[in-house]
Amino acid sequence: MRLTILGGGGFRVPLVYGALLGDRGEGRVTEVVLHDVDAGRLDAVTRVLAEQADGLPDAPAVRATTDLDDALRGADFVFSAIRVGGLRGRAEDERVALAEGVLGQETVGAGGIAYGLRTVPVAVDIARRVARLAPDAWVINFTNPAGLVTEAMARYLGDRVIGICDSPVGLGRRVARALGADPGEAFVDYVGLNHLGWVRGLRVAGRDELPRLLADPDRLGSFEEGRLFGPEWLRSLGAIPNEYLHYYYFNRETVRAYQEAERTRGAFLRDQQSRFYTDALRPGGSALRAWEDTRAEREATYMAENRESAGAGEREEEDLSGGYEQVALALMRAVARDERTTLILNVRNRSTLTALDAEAVIEVPCLVGADGAHPLATDPLPGHATGLVCSVKAVEREVLAAAESGSRETAVKAFALHPLVDSVNVARRLVDGYTAAHPELAYLK
């Protein structure tokens, strides 16, 4: 079985390959094709993978190419993890937004809109090529903003594109541990959009244990979200929000922390990964060791500004292990082998959330098998959550419309309607700033 990874020179590719090395069952991936527009990055990551596979029998073969059509032909699964504009683009997203006093995070607020405007045209081109060159392939999208990009691709691939994210998995794992439950035995009632969802229940042996957690301040304060949001606010919500909702609930504090930081997250990663790619290609050195050291630093500093503004302290050791590669592997196994399982995924709504239309991509538990991923029925969200979900989904639709039409006016509308952008004039300046910073946005007229 062939897996094609788009963004194959990306830093997290070794996580995926490492998960594949541990999969020894029938119907496993036997060939990995890495595609990237940067041949140097491909070379560096290929070296890391070679060290990972050293001495392991039957490791999936690895081939690298800068030819997109070549990479797609014959693929059974396509894993899309591209970053249009690279980390330079992410750093610019943050800089332009913070200069206007608004959030520039890569998936939330102004930064997420800018990233979406750059990414959607490329993702649509990929979807069209997959439909033509590998019509039977399943596309697993991790490209951010994951829900928005998945919805753009679904217009051409239907249910054969599925979005994944590791945030709900990590959140469910932490909630289960706080309750003393086995995460593998718990069903997480999680509903929302990508990076905009809430755990509303955690059922173990048919019993919802979340009320027990919400009633216990000590347990609530024992894990990352409890420290990030505070037990009192979690009890008020009656749910545990995805960590990205900290950008909404504590926006002023977060923007201030980002403005006061020595470097933004994007600038930090840009500089850090530049060193990694240089070190990985150094003759006589270990590319794998360079990657492992860089990854440890990357994970430890994740959402550092949010934790600092909330006084949440350092990340727990258990939360430094990532997780999206395991979601991707579980999804591929469920589809390829018909190993039916339940995963939290980004899929078309159908009739799951009545406040949204059938084509809206949402993030919810899904039953997965050989016929794809199907969202499970769920209770409606409370009013405050429904309002936020509908507002952000409306923004996503304006981003899709701007990307399709090339309309600057529609792009301004997308920024202006976002809950974290508080002025039409700010929205206009953001569009001016982003189009000046990103050649990929030259299509906006």
Side-chain angles (χ1 to χ4, degrees), residues 1-10 32-38 42 63-86 89 112-164 194 328 331-332 335 345-350 357-362 371-373 393 396-407 410-411 414 438-445:
M1 188 166 71
R2 179 184 296 175
L3 168 65
T4 290
I5 302 180
L6 306 182
V32 176
V33 178
L34 305 180
H35 171 269
D36 204 286
V37 297
D38 188 323
L42 276 177
R63 180 170 67 88
T65 178
T66 56
D67 185 325
L68 179 56
D69 288 355
D70 173 49
L72 293 176
R73 289 191 188 94
D76 297 293
F77 287 89
V78 176
F79 185 68
S80 181
I82 63 173
R83 180 176 288 280
V84 180
I113 295 171
Y115 192 20
L117 288 170
R118 290 201 309 279
T119 304
V120 165
V122 179
V124 165
D125 178 62
I126 290 170
R128 287 171 169 164
R129 291 180 190 234
V130 170
R132 185 176 77 252
L133 299 171
D136 295 326
W138 290 88
V139 176
I140 301 174
N141 177 61
F142 190 72
T143 297
N144 277 324
L148 169 64
V149 173
T150 300
E151 186 164 330
M153 298 181 84
R155 294 181 176 183
Y156 300 89
L157 297 173
D159 293 330
R160 295 193 78 85
V161 58
I162 301 168
I164 67 169
N194 179 241
L331 176 55
M332 286 191 291
V335 173
L345 300 167
N346 287 268
V347 296
R348 292 196 288 186
N349 177 48
R350 295 183 174 88
D357 62 78
E359 300 303 309
V361 166
I362 60 174
D371 58 346
K393 179 55 69 175
E396 291 184 353
R397 290 286 171 77
E398 296 298 336
V399 172
L400 292 174
E404 182 178 12
S405 66
S407 167
T410 305
H438 298 303
E440 299 90 353
L441 295 182
Y443 72 88
L444 292 174
K445 305 294 184 183

Exercise. What's the shortest heavy-atom distance between V399 and A414, and which atoms?
Worked result: CG2-CB, 3.9 Å

Exercise. Salt bridge check: are D38 and R83 linked by an N-O gap of less than 4.0 Å?
Worked result: no

Exercise. Would you find a donor on one side and an acceptor on the other, under 3.5 Å apart, between the side chain of R118 and the backbone of V84?
Worked result: yes

Seminar exercise, completed: For Y115 and N144, the nearest pair of non-hydrogen atoms, with its separation, is CE2-O, 3.2 Å

For this session: Please round to the nearest 0.5 Å and tell me the distance separating atom CG of L157 and atom CZ of R128.
Result: 11.0 Å

For this session: Mind listing the closest non-hydrogen atom pair of A152 and L400 along with its distance?
Result: CB-CD2, 3.6 Å

For this session: Test L34 against every option in L6, L42, L3, T4 by the side-chain contact (heavy atoms from CB on, under 4.5 Å) rule and name the one that passes.
Result: L42

Exercise. Distance from T65 atom OG1 to H35 atom NE2, nearest 0.5 Å?
Worked result: 6.5 Å

For this session: Taking the side chain as every heavy atom from C-beta outward, state whether W138 and D76 have any atom pair closer than 4.5 Å.
Result: no

Exercise. Does some side-chain heavy atom of N141 sit less than 4.5 Å from a side-chain heavy atom of M153?
Worked result: yes

Exercise. Quick one: CG on L72 to CZ on R2, what's the gap to the nearest 0.5 Å?
Worked result: 10.5 Å

For this session: Would you mind reporting whether S80 and F142 have side-chain heavy atoms less than 4.5 Å apart?
Result: no

For this session: In sequence, state the C-alpha distance, the side-chain angles, and the governing distance for L117 and Y443, and then conclude on side-chain contact (heavy atoms from CB on, under 4.5 Å).
Result: CA-CA 10 Å; L117 288 170; Y443 72 88; 3.8 Å; yes

Exercise. Given side chains that start at C-beta, do those of L148 and V120 come closer than 4.5 Å, heavy atoms only?
Worked result: yes

Problem set entry | Contact check, side chains of L345 and L331, non-hydrogen atoms, under 4.5 Å | yes

Seminar exercise, completed: CZ (R348) and CZ (R155) are apart, to the nearest 0.5 Å, by 11.0 Å

Seminar exercise, completed: Heavy-atom closest pair (D36 atom, G10 atom, distance to 0.1 Å) is OD2-N, 4.0 Å

For this session: Identify the two heavy atoms, one from A411 and one from L444, that lie closest to each other, and give their separation to 0.1 Å.
Result: CB-CD1, 4.1 Å

For this session: In sequence, state the C-alpha distance, the side-chain angles, and the governing distance for T143 and T119, and then conclude on side-chain contact (heavy atoms from CB on, under 4.5 Å).
Result: CA-CA 8 Å; T143 297; T119 304; 3.6 Å; yes

Seminar exercise, completed: Here the gap from Y156 atom OH to R129 atom CZ, rounded to the nearest 0.5 Å, amounts to 14.0 Å

For this session: Let me see the working for T66 and V37 under side-chain contact (heavy atoms from CB on, under 4.5 Å), right down to the final yes or no.
Result: CA-CA 5 Å; T66 56; V37 297; over 6 Å; no

Seminar exercise, completed: Between A137 and A75, the two heavy atoms sitting closest are CB-O, 3.4 Å

For this session: Answer whether the closest heavy-atom distance between the side chains of R132 and D69 falls below 4.5 Å.
Result: yes

Exercise. Is D357 salt-bridged to R397, going by a charged N under 4.0 Å from an acidic O?
Worked result: yes

Problem set entry | Euclidean distance, E151 CD relative to N194 CG, rounded to 0.5 Å | 12.0 Å

Exercise. Is it true that the side chains of N346 and T150 contain a donor and an acceptor less than 3.5 Å apart?
Worked result: no

